Amino acid sequence: MKELMSSPVFMWLALMCIFIVVEIITVGLTSIWFAGGSLAALISALINVPMVFQFVLFFAVSSVLIFFTRPFALKYVKPHNIKTNYEEIIGKDVQVTSKIDNRAGTGTAVFNGLEWSARSMRDEDTFEIGETAQVEQIRGVKLYVTHK
């Protein structure tokens with residue numbers, strides 16, 4: 001038993017467990033790739049492959065796993081980002097509640113019951129109260145709109 005504890009088998013087993021625990025704690029797909037590399041090195045240690053080749057195998061398998069499986073895992077395994085309330089406004093229609101005039105520095109519009117400061121995408125365009133405008137972008141807390 002003492003021989004097993006001092007062998008590379010124990011080292012790779014311990015590293016694999018550490019990487020798995022870190023992955024469980026972080027849930028961010030950060031270290032699972034290295035757990036796979038540790039598993040490959042552990043198997044090679046069990047069949048008495050020289051230590052240098054175990055390290056090479058560890059780095060090679062970890063690199064291959066990162067390169068080939070990480071994009072897939074990030075796309076399909078990690079939860080998809082949900083748009084925040086302001087991102088959903090882009091491309092939507094808003095109702096102008098006070099005249100939008102960039103030169104005068106005025107304008108507000110309502111979307112989903114919330115009033116926003118609003119400006120036109122072009123300085124020469126104005127919007128009257130009651131008009132419908134389309135949101136092109138958001139800068140800070142202002143909606144930038146165009147004619148529909």
Side-chain angles (χ1 to χ4, degrees), residues 8-47 49-148:
V9 171
F10 180 73
M11 177 189 74
W12 293 118
L13 184 60
L15 277 174
M16 187 173 70
C17 290
I18 290 168
F19 289 131
I20 290 171
V21 167
V22 167
E23 185 63 39
I24 290 169
I25 291 171
T26 61
V27 193
L29 295 172
T30 55
S31 64
I32 195 68
W33 330 109
F34 301 109
S38 297
L39 177 63
L42 171 67
I43 293 168
S44 68
L46 287 170
I47 58 173
V49 172
M51 191 67 163
V52 172
F53 294 114
Q54 292 175 30
F55 278 105
V56 169
L57 188 61
F58 168 76
F59 287 113
V61 169
S62 297
S63 298
V64 166
L65 286 174
I66 289 172
F67 185 76
F68 288 108
T69 63
R70 191 167 195 274
F72 170 80
L74 290 177
K75 185 174 181 180
Y76 295 107
V77 176
K78 284 187 91 172
H80 297 288
N81 292 336
I82 298 170
K83 288 185 175 182
T84 61
N85 64 340
Y86 80 91
E87 291 173 320
E88 76 177 12
I89 299 173
I90 297 173
K92 301 282 175 92
D93 293 340
V94 292
Q95 189 74 32
V96 177
T97 54
S98 71
K99 184 176 179 177
I100 298 174
D101 185 347
N102 289 5
R103 292 185 178 125
T106 62
T108 58
V110 172
F111 177 79
N112 237 8
L114 298 174
E115 190 169 62
W116 292 73
S117 294
R119 298 295 181 266
S120 175
M121 287 295 291
R122 297 175 2 155
D123 285 339
E124 58 273 8
D125 290 346
T126 60
F127 296 81
E128 297 299 324
I129 295 172
E131 271 188 76
T132 301
Q134 186 173 34
V135 178
E136 288 294 316
Q137 59 181 268
I138 299 173
R139 293 184 213 152
V141 294
K142 289 187 178 111
L143 301 178
Y144 282 80
V145 298
T146 59
H147 286 283
K148 195 172 165 194

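Numbering of residues begins at 1 and proceeds along the displayed sequence. Every value quoted in this text rests on a predicted model; they were computed, and no experiment measured them.
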Q | Inter-residue atom distance Ser31.OG - Leu15.CG, 0.5 Å rounding | A | 11.0 Å
Q: Please report the closest heavy-atom contact between Phe127 and Val145, naming both atoms and the distance.
A: CE1-CG2, 3.7 Å
Q. Is the shortest heavy-atom distance from the side chain of Val135 to the side chain of Lys92 under 4.5 Å?
A. no
Q) Any side chain to side chain donor-acceptor pair (under 3.5 Å) pairs touching residues 55-67, not counting sequence neighbours? A) none
Q) Closest approach of Ile100 and Ser120, non-hydrogen atoms and distance? A) CG2-N, 3.6 Å
Q | Under 3.5 Å donor-acceptor, Gln54 side chain and Val49 backbone | A | yes
Q) Who pairs with Lys99 by salt bridge (charged side-chain N to carboxylate O under 4.0 Å, His left out), at least two apart in sequence or on another chain? A) Glu128
(Q) In the structure I gave you, are the side-chain heavy atoms of Met11 and Met51 within less than 4.5 Å of one another anywhere? (A) yes
Q.
What I'd like to find out is whether the side chain of Leu42 reaches to under 4.5 Å of the side chain of Val9, using heavy atoms alone.
A. yes
Q.
For the CZ atom of Phe68 and the CH2 atom of Trp33, what is their distance to the nearest 0.5 Å?
A. 13.0 Å
(Q) Please find the pair of heavy atoms, one from Thr97 and one from Ala109, that lie closest to each other, and give the distance. (A) OG1-N, 3.7 Å
(Q) Please give me the minimum heavy-atom distance between Gly37 and Val61, naming the atom from each residue. (A) CA-CG1, 3.8 Å
**Q.** Distance in Å, Leu13 CG paired with Ile18 CD1, rounded so as to fall on 0.5 Å steps
**A.** 10.0 Å
Q. Would you find a donor on one side and an acceptor on the other, under 3.5 Å apart, between the side chain of Arg119 and the backbone of Gly105?
A. yes
Q.
Working note: Ser98 + Thr108, criterion side-chain hydrogen bond (donor to acceptor under 3.5 Å, both in side chains); need CA distance, chi angles, decisive distance, verdict.
A. CA-CA 5 Å; Ser98 71; Thr108 58; 2.8 Å; yes
Q. Under a 4.5 Å cut-off applied to non-hydrogen side-chain atoms, are Val94 and Leu143 in contact?
A. yes
Q.
Restricting to ring-ring contact (aromatic ring centres under 6.0 Å, His included), what partner residues turn up for Phe55, sequence neighbours left out?
A. Trp12
Q: Report yes or no: does Glu136 contribute a side-chain atom to a donor-acceptor pair with the main-chain N or O of Tyr144 at less than 3.5 Å?
A: no
Q. Within a strict 4.5 Å, meaning less than it, do heavy atoms of the Arg103 and Glu124 side chains meet?
A. yes
Q: Measure the spacing between CD1 of Ile32 and OG1 of Thr69 and express it to the nearest 0.5 Å.
A: 9.5 Å
Q. Is any side-chain heavy atom of Gln134 less than 4.5 Å from a side-chain heavy atom of His147?
A. no
Q. What's the spacing between Ser38 OG and Leu57 CG if we round to 0.5 Å?
A. 10.5 Å
Q: Specify whether Phe19 and Phe58 have parallel, tilted or perpendicular ring planes, treating 30° as the upper limit for parallel and 60° as the lower limit for perpendicular.
A: parallel
Q) If you round to the nearest 0.5 Å, how far is CD1 of Ile138 from OG of Ser117? A) 12.0 Å
Q. Mind checking whether Gln95 and Phe111 have side chains closer than 4.5 Å, heavy atoms only?
A. no
